[in-house]
Amino acid sequence: MLAVQISDEIHANVPDFQIGILAYYDIVVAEFPQMLSGRYNYLQEERSISVQEKGVAAFEGIAEWRNIFKKLGMDPSRYRPSSEALYRRLKKGDKLPDIHSAADLNNYWSIKYEIPLGIYDLDNIDGPVEIRIGTKQDAFEGLNGRPMNMEGKLLSADTRGAFGSPIVDSKRTMTTKNTRNALQLVYFRPSTQKEDAETMLAEMCDGFIHIHGGSGETKLIAN
């Protein structure tokens, strides 16, 4: 599996920071299966009603990740965790766009578990990968087409530089229907117990392989 490590700076500010790693090989990315698409739409509708009634901050996972951003010196009101961004779209009554099976499943889990996730084309990553805070040199073109200055932000970087974050990911490593090998990063809540996180990773891996074929492996990185 691709080597992934968490920087000392992150551990110093969030001692119980942990991240899940999933690597998938020989997969086929296509449209989201109809049966699972129904579950995805139902979850969106259920959470849309809940977030309109209770507000975004009432969800424990969202609140916990906002607090992590603050501990790392980031303003969560300016740069929102991707999971919160999804919830805010649902609060407006917007349906999340159908992209492809890998991205849609990634968003499904993000909504379900109230945590950020990122999924990347593994063949466009030059390892090893470090989860760290960005410097002045860190920038990339985001999936939204905008240039992203990643200084002072939590990010993932390979030997070529920053490629992802729990805010927005880069075009360089985005998954497409041509992706055959993928890397998924799961930004667990620090409050999640190790055994629960490992169980979630195993279930995610099985679910992803069930849809996309191929094989996969998992690893939990913690302090």
Side-chain angles (χ1 to χ4, degrees), residues 1-11 13-14 17-27 29 65 68-69 72-74 76 78-86 97 99-107 109-110 115-188 201 204-205 208 212 214 216-222:
M1 176 182 280
L2 182 70
V4 179
Q5 66 178 10
I6 302 169
S7 73
D8 292 340
E9 181 180 6
I10 291 176
H11 278 314
N13 289 280
V14 187
F17 188 96
Q18 55 184 340
I19 191 166
I21 315 300
L22 299 104
Y24 306 114
Y25 310 103
D26 300 316
I27 60 175
V29 179
W65 261 98
I68 293 171
F69 272 30
L72 294 174
M74 303 163 61
R78 184 178 181 187
Y79 301 104
R80 302 188 190 284
S82 58
S83 48
E84 179 179 345
L86 294 177
I99 305 170
H100 52 62
S101 54
D104 293 346
L105 187 57
N106 196 70
N107 286 341
W109 284 329
S110 185
I115 56 175
L117 290 91
I119 188 159
Y120 312 96
D121 191 313
L122 185 56
D123 293 324
N124 290 328
I125 295 175
D126 295 327
V129 169
E130 184 179 21
I131 311 301
R132 59 174 173 79
I133 301 300
T135 67
K136 291 181 179 180
Q137 288 72 42
D138 289 309
F140 56 67
E141 181 182 3
L143 292 178
N144 53 16
R146 301 174 185 172
M148 295 295 301
N149 177 353
M150 299 305 294
E151 182 180 6
K153 303 177 184 68
L154 177 62
L155 58 78
S156 49
D158 62 4
T159 58
R160 295 168 60 186
F163 66 83
S165 80
I167 304 169
V168 65
D169 292 319
S170 72
K171 277 196 172 183
R172 169 167 72 91
T173 55
M174 66 184 288
T175 52
T176 69
K177 290 183 179 179
N178 294 321
T179 296
R180 293 297 173 261
N181 303 293
L183 173 72
Q184 192 166 36
L185 301 180
V186 183
Y187 294 88
F188 284 112
L201 285 176
M204 287 181 180
C205 188
F208 193 96
H212 300 91
E217 55 183 341
T218 71
K219 186 175 184 179
L220 181 66
I221 309 294

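For E217, there are no salt bridge (Lys or Arg N to Asp or Glu O under 4.0 Å) partners two or more places apart in sequence or in a different chain. For M148, the side chain to side chain contact (heavy atoms under 4.5 Å, CB included) test picks out F140, M150, V168, with sequence neighbours left out. For S101, the side chain to side chain contact (heavy atoms under 4.5 Å, CB included) test picks out V29, F32, I211, H212, with sequence neighbours left out. In this structure, the side chain to side chain contact (heavy atoms under 4.5 Å, CB included) partners of I19, at least two apart in sequence or on a different chain, are I6, F17, I21, I131, L185, Y187, I221. The side chain to side chain donor-acceptor pair (under 3.5 Å) test applied to N107 returns no partner, not counting sequence neighbours. A search for side chain to side chain donor-acceptor pair (under 3.5 Å) contacts involving T173 returns S170, not counting sequence neighbours. Applying the salt bridge (Lys or Arg N to Asp or Glu O under 4.0 Å) criterion to D158, with sequence neighbours excluded, gives R172. Among residues two or more places apart in sequence or in another chain, the salt bridge (Lys or Arg N to Asp or Glu O under 4.0 Å) test is passed with K219 by none. Considering only residues two or more places apart in sequence or on other chains, N149 meets the side chain to side chain contact (heavy atoms under 4.5 Å, CB included) condition with E151.
When every heavy atom of E84 is checked against every heavy atom of R80, the shortest pair comes out as OE2-NH1, 3.1 Å. Closest approach of S82 to I167, counting heavy atoms only: CB-O, 3.9 Å. Residues G127 and T159 approach most closely at O-CG2, 3.3 Å, considering heavy atoms. Minimum heavy-atom separation, H100 to T175: NE2-O, 2.9 Å. When all heavy atoms are compared, the tightest approach of P97 to D104 is O-OD1, 3.7 Å. For the residue pair M204 and W109, the shortest heavy atom distance occurs at O-CH2, 3.1 Å.
Side chain to side chain, E9 and S7 fail the donor-acceptor criterion of an N or O pair below 3.5 Å.
Residues P76 and W65 have side chains not in contact (no heavy-atom distance under 4.5 Å, counting atoms from C-beta outward). Side chains of S110 and S83 form a contact here, defined as non-hydrogen atoms less than 4.5 Å apart.
Rounded to the nearest 0.5 angstrom, C205 SG and L201 CG are separated by 8.5 Å. The distance from atom CG of L183 to atom CG of L2, rounded to the nearest 0.5 Å, is 6.0 Å. Expressed to the nearest 0.5 Å, how far OG1 of T176 lies from NZ of K171 amounts to 12.5 Å. We find the OG1-CG distance between T179 and N124 to be 7.5 Å, quoted to the nearest 0.5 Å. Taking CD1 of I10 as the start and CD of Q5 as the end, the distance is 10.0 Å to the nearest 0.5 Å. The CD1 atom of I133 sits 5.0 Å away from the CG atom of L154 when rounded to the nearest 0.5 Å.
For CG of D8, the number of neighbouring non-hydrogen atoms (other residues, nucleotides, ligands) closer than 6.0 Å is 12 at most.
Between the side chain of N181 and the main chain of D26, a donor-acceptor pair closer than 3.5 Å is present.
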- [ ] Give the C-alpha distance, both sets of side-chain angles, the deciding distance and a yes or no for side-chain contact (heavy atoms from CB on, under 4.5 Å) between I115 and L117.
- [x] CA-CA 7 Å; I115 56 175; L117 290 91; 3.9 Å; yes
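Pairs of residues two or more places apart, or lying in two chains, that qualify as salt bridge (charged side-chain N to carboxylate O under 4.0 Å, His left out) and include a residue from residues 115-132 are D126-R160, E130-R132, R132-D138. Contacts classified as ring pair (Phe, Tyr, Trp, His ring centres under 6.0 Å) and involving residues 155-177 (residues at least two apart or in different chains) are given here: Y120-F163.
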